[in-house]
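The block underneath contains the structure these notes are about, expressed in structure tokens.
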Amino acid sequence: MNTRLRRFCRRTVIALFLAALAIVIGQWLTPFPAALESEPPASTAFLDRHGKPLRTLLAEEQRFARRCSLRDVSTNVIAATLSAEDKRFRSHFGVDFLAMARAIRGGGRSGASTISQQIVKLAEPGPRTLSRKLAEMWLALRVERSWGKDRILAEYLNRLDYGNLQVGIASASRYYFDKPPSDLSAAEAAFLAALPKAPTRLNPHANFSGAQERQRWILQRMNLDGKLDAAALARAVDEPIRLRSRERDFEAPHFVDLLLMRRGILRPEGGEIRTTLDLDLNRFAERALTENVRRIADKNVSGGAAVVIDNATGDVLALAGAGDYFEAGAGQVNGAWMIRSPGSAMKPFTYLLAIEAGANPCTIVADVPTDFATPNGIYRPNNYNHRFYGPVSLRFALGNSLNVAAIRALELAGGPEVLQRAMRNVGITTLDHPADYYGLGLTLGNGEVRLLELANAFATLGRLGVHRPYRLLREHGVVLPARRIFDKGASFLVADMLADNSARAASFGLNSYLAFDFPVACKTGTSSDYRDNWTVGYTPEFTVAVWVGNPDGKPMQGITGVTGAAPVMHEIFTHLRARFGTTWFEPPARISTHTIDPLTGRLAARDGVLEKCLHIPEPARADDCDEQGRVRLPAIYAGWLASPQNSLGDLVASAESSPEMRILQPAAGSIYYLDGDLAPDSQCIPLRAEARGNVEWSCDSLPLATTDAGQRAEIREGRHTILAREISSGRKVTTWIEVKRW
């Protein structure tokens with residue numbers, strides 16, 4: 001070798017060494033691409049409790065993106081992607097110089113960019129210039145120095161654009177084939193691997209043949225690369241490609257809408273949100289609701305909602321609406337979250353409180369026409385069928401949803417304040433007025449509630465008095481905290497009463513939609529003017545609540561809870577029984593069974609009926625019956641006994657003793673206002689009392705007057721005590737009022 005050649009070789013080696021050193025130093029000084037240091041936000045994907053998609057939101061309002069790890073991707077996907085884009089991915093260092101040479105010569109459909117280069121381009125898109133290409137090559141080398149091959153490949157598959165706004169293999173696999181990427185066949189994997197080449201031009205919805213042509217080219221490449229043998233290649237080529245419908249996931253819309261109303265649900269990074277919903281059950285509830293509303297549409301019914309709760313956890317398994325969600329006006333109104341009057345569906349809680357206060361299901365109350373004194377005047381409730389049954393047990397009264405008897409049960413429970421407090425304790429958030437605003441009508445449903453909250457209140461009964469907040473999300477499997485609200489024994493008795501089909505037969509018959517072949521505690525409700533139908537049922541496992549009505553509040557035509565909402569509740573519970581099974585409650589140790597006189601509610605001195613009790617019933621009294629063996633009823637029954645509605649005949653008689661004396665008007669604590677534009681002596685309030693004989697009224701601070709309409713008191717500013725005395729017996733009762741200036 002001559003001197004000149006040796007000098008050239010030496011210089012070449014030095015130059016190569018310096019170039020290599022410059023590359024090494026340059027790579028060490030080059031920062032890692034900032035766009036790859038953080039993952040781009042994924043779409044928020046709502047899933048049901050089993051992982052089935054409900055709805056996916058656009059990430060950054062422009063794309064659907066879902067991330068997955070490489071272990072969640074089929075080997076077919078990896079093989080197809082590498083054959084299509086970078087077959088020497090596992091052997092090069094970020095730049096494939098052989099592919100570059102081939103590209104320069106004009107060959108190769110996969111181009112010269114490696115996956116490492118493409119991931120840089122995906123993270124930091126820019127114009128396709130020579131300098132940009134060189135920069136991508138340089139950064140690809142930097143990425144390969146920091147990341148392993150598997151991480152690079154995983155990030156690449158999560159950032160690829162597969163068309164139709166689908167970014168990432170997980171999102172594309174769900175959108176095109178309705179399956180996870182782990183389940184893709186070789187044919188499906190090659191089909192998806194074909195799309196990123198030109199997502200718009202190869203859109204399979206517009207150019208299926210073009211996408212399939214590239215798919216088959218990729219399959220051939222997989223065969224040449226040793227990823228598919230001849231037999232597997234033939235099967236893949238022959239496998240038909242069945243694309244999913246273009247409709248995007250939009251399941252359980254009212255349930256998802258309710259989630260979107262809540263703060264803190266959506267995470268900035270996006271990702272999957274596993275909910276408590278059972279999609280199959282929700283679909284069943286939607287069908288049952290829609291079919292039922294269609295069946296009674298001629299009764300001016302257009303809407304409905306159903307809620308199913310898993311009592312053990314508080315999970316909302318279904319929250320469904322009826323009809324077309326996209327119908328203008330009413331479709332998107334969430335019937336499970338509207339605030340409406342529940343009617344008699346509130347009554348079970350009154351009876352529960354009455355039993356806690358000392359009553360039993362056999363306790364007798366007077367179901368007779370009654371004027372109840374309230375701060376707002378006299379309240380005269382009527383029963384739904386305008387019939388009164390006289391002496392009735394709490395079991396009969398609750399089963400037949402009697403209104404007067406429910407108010408008497410409320411009095412046993414302690415009044416509206418006690419009921420309102422209990423309803424708030426079980427999660428009813430809408431009863432936000434003072435108790436006096438609702439008055440005795442609270443037990444009849446004059447306060448407004450939400451179906452979801454009412455369902456969860458009944459779920460408290462399904463846990464025999466233990467309240468647990470409902471939940472819509474399955475957060476790491478954590479069950480929300482529970483606390484006892486009601487007595488276990490009292491809760492059991494209410495469930496037993498509500499499941500007693502015989503007890504409600506007088507109003508509903510034996511073959512209504514409230515009758516089951518297995519025990520279910522259920523209660524209906526109908527608001528005034530037939531605006532709302534409600535039915536709630538529960539077992540130890542499930543609570544089902546249904547509302548039927550019109551979203552705009554218009555009245556229906558003669559549709560009650562037992563004909564409007566109950567058919568849906570019955571169908572859903574029958575489905576739950578068949579799919580999951582149901583059981584019934586074991587009686588708590590404190591429950592005892594006694595033989596009870598059905599007309600007195602006391603222990604039977606003669607033939608009686610068996611009744612479960614929480615408290616030991618009162619023993620029979622010597623004066624319960626007269627000489628003829630007829631049960632003596634207090635004077636409050638006198639009018640009913642003489643009416644055609646008396647169905648007891650010679651079994652009962654009116655007692656000679658006087659009724660308990662009470663003031664009907666004004667009610668204690670009533671507030672009145674003086675009108676400055678009227679003469680003081682023209683501003684009066686009526687005085688009314690219930691007693692056997694004549695009543696004498698007196699008041700130290702107000703003038704009293706007698707008119708043709710009866711006794712009156714002229715009101716004056718201040719607090720006043722009014723006394724009523726029964727003349728014949730001398731018995732006295734008082735009430736008090738407050739008068740303010742307007």
Side-chain angles (χ1 to χ4, degrees), residues 365-366 368-382 388 403-404 407-408 410-412 414-417 433-442 446 633-643 654-742:
V365 293
V368 297
T370 307
D371 290 344
F372 293 94
T374 74
N376 299 316
I378 298 299
Y379 182 44
R380 301 180 180 89
N382 205 337
F388 294 91
N403 290 337
V404 172
I407 292 177
R408 297 199 184 280
L410 182 61
E411 292 176 332
L412 294 175
E417 297 85 356
H433 294 290
D436 286 346
Y437 174 87
Y438 306 104
L440 300 174
L442 183 59
N446 67 357
L633 297 180
I636 192 174
Y637 291 95
W640 177 83
L641 284 168
S643 75
S654 181
E656 296 179 359
S657 60
S658 299
E660 180 182 354
M661 184 181 177
R662 60 175 181 159
I663 293 176
L664 299 177
Q665 193 176 7
S670 298
I671 299 175
Y672 296 88
Y673 292 91
L674 283 169
D675 190 335
D677 295 331
L678 300 176
D681 58 2
S682 67
Q683 301 183 59
C684 302
I685 57 173
L687 305 176
R688 301 179 66 248
E690 181 179 80
R692 187 168 183 80
N694 294 328
V695 173
E696 179 182 68
W697 296 88
S698 63
C699 180
D700 294 337
S701 54
L702 293 178
L704 306 182
T706 302
T707 68
D708 293 340
Q711 289 284 102
R712 293 285 188 270
E714 296 179 12
I715 58 175
R716 301 287 187 270
E717 190 173 358
R719 181 186 173 107
H720 311 281
T721 299
I722 301 173
L723 181 143
R725 185 179 71 88
E726 188 179 58
I727 297 174
S728 60
S729 65
R731 288 185 297 178
K732 300 177 182 179
V733 291
T734 62
T735 187
W736 66 274
I737 64 171
E738 187 172 357
V739 181
K740 299 180 179 180
R741 188 168 297 279
W742 187 257

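The analysis underlying the following values was restricted to heavy atoms, covering all of them including side chains, and did not include hydrogens, waters or symmetry mates. Bear in mind that the values here come from a model prediction, so they are computed numbers and not experimental data.
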Q: Please report the closest heavy-atom contact between His720 and Ser701, naming both atoms and the distance.
A: ND1-OG, 2.7 Å
Q: Could you tell me whether Glu714 and Arg716 have a side-chain N and a carboxylate O separated by less than 4.0 Å?
A: yes
**Q.** Minimum heavy-atom distance Ala724-Val695, with the two atoms named
**A.** CB-CG1, 3.7 Å
Q) Taking C-beta and beyond as the side chain, do Leu702 and Trp697 meet within less than 4.5 Å on heavy atoms? A) no
Q. How long is the gap from CD on Glu738 to CD on Glu717, to the nearest 0.5 Å?
A. 9.5 Å
(Q) With a 4.5 Å cut-off on side-chain heavy atoms, are Ile685 and Ile737 touching? (A) yes
Q: Specify the closest pair of heavy atoms between Ala366 and Arg408, including all atoms of both residues, with the distance to one decimal.
A: O-NE, 2.6 Å
(Q) Contact between Leu410 and Pro416 at the side-chain level, heavy atoms closer than 4.5 Å - yes or no? (A) yes
**Q.** Which atom of Arg662 lies closest to which atom of Thr370, heavy atoms considered
**A.** NH2-CG2, 3.6 Å
Q) What distance separates Arg712 CZ from Leu687 CG, expressed to the nearest 0.5 Å? A) 7.5 Å
Q.
Using the side-chain hydrogen bond (donor to acceptor under 3.5 Å, both in side chains) criterion, which residues pair with Arg380? Sequence neighbours excluded.
A. Asp371
Q. So, the side chain of Tyr438 versus the backbone of His433: is there a donor-acceptor pair under 3.5 Å, distance only?
A. yes
(Q) Less than 4.5 Å apart, side chain to side chain, heavy atoms only: is that true for Val365 and Leu412? (A) yes
Q.
As a quick check of understanding, evaluate side chain to side chain contact (heavy atoms under 4.5 Å, CB included) for Leu723 and Glu696, giving each step before the final call.
A. CA-CA 8 Å; Leu723 181 143; Glu696 179 182 68; over 6 Å; no
(Q) Within the 4.5 Å heavy-atom criterion, are Gln683 and Tyr672 side-chain neighbours or not? (A) no
Q) So do the side chains of Thr734 and Trp736 get within less than 4.5 Å of each other, counting heavy atoms only? A) no
**Q.** Whether Thr735 side chain and Pro666 backbone form a donor-acceptor pair below 3.5 Å
**A.** yes
Q.
Using every non-hydrogen atom in the two residues, find where Thr721 and Cys699 come nearest and quote the distance to one decimal.
A. O-SG, 3.2 Å
Q. Rounded to the nearest 0.5 Å, how far apart are CZ of Arg731 and CZ of Arg725?
A. 12.5 Å
Q. What are the two closest heavy atoms between Glu690 and Leu664, and how far apart are they?
A. N-CG, 4.0 Å
Q. Under a 4.5 Å cut-off applied to non-hydrogen side-chain atoms, are Pro686 and Gln711 in contact?
A. no
Q: Please check if the side chain of Trp640 supplies one atom and the backbone of Phe388 the other of a donor-acceptor pair under 3.5 Å.
A: yes
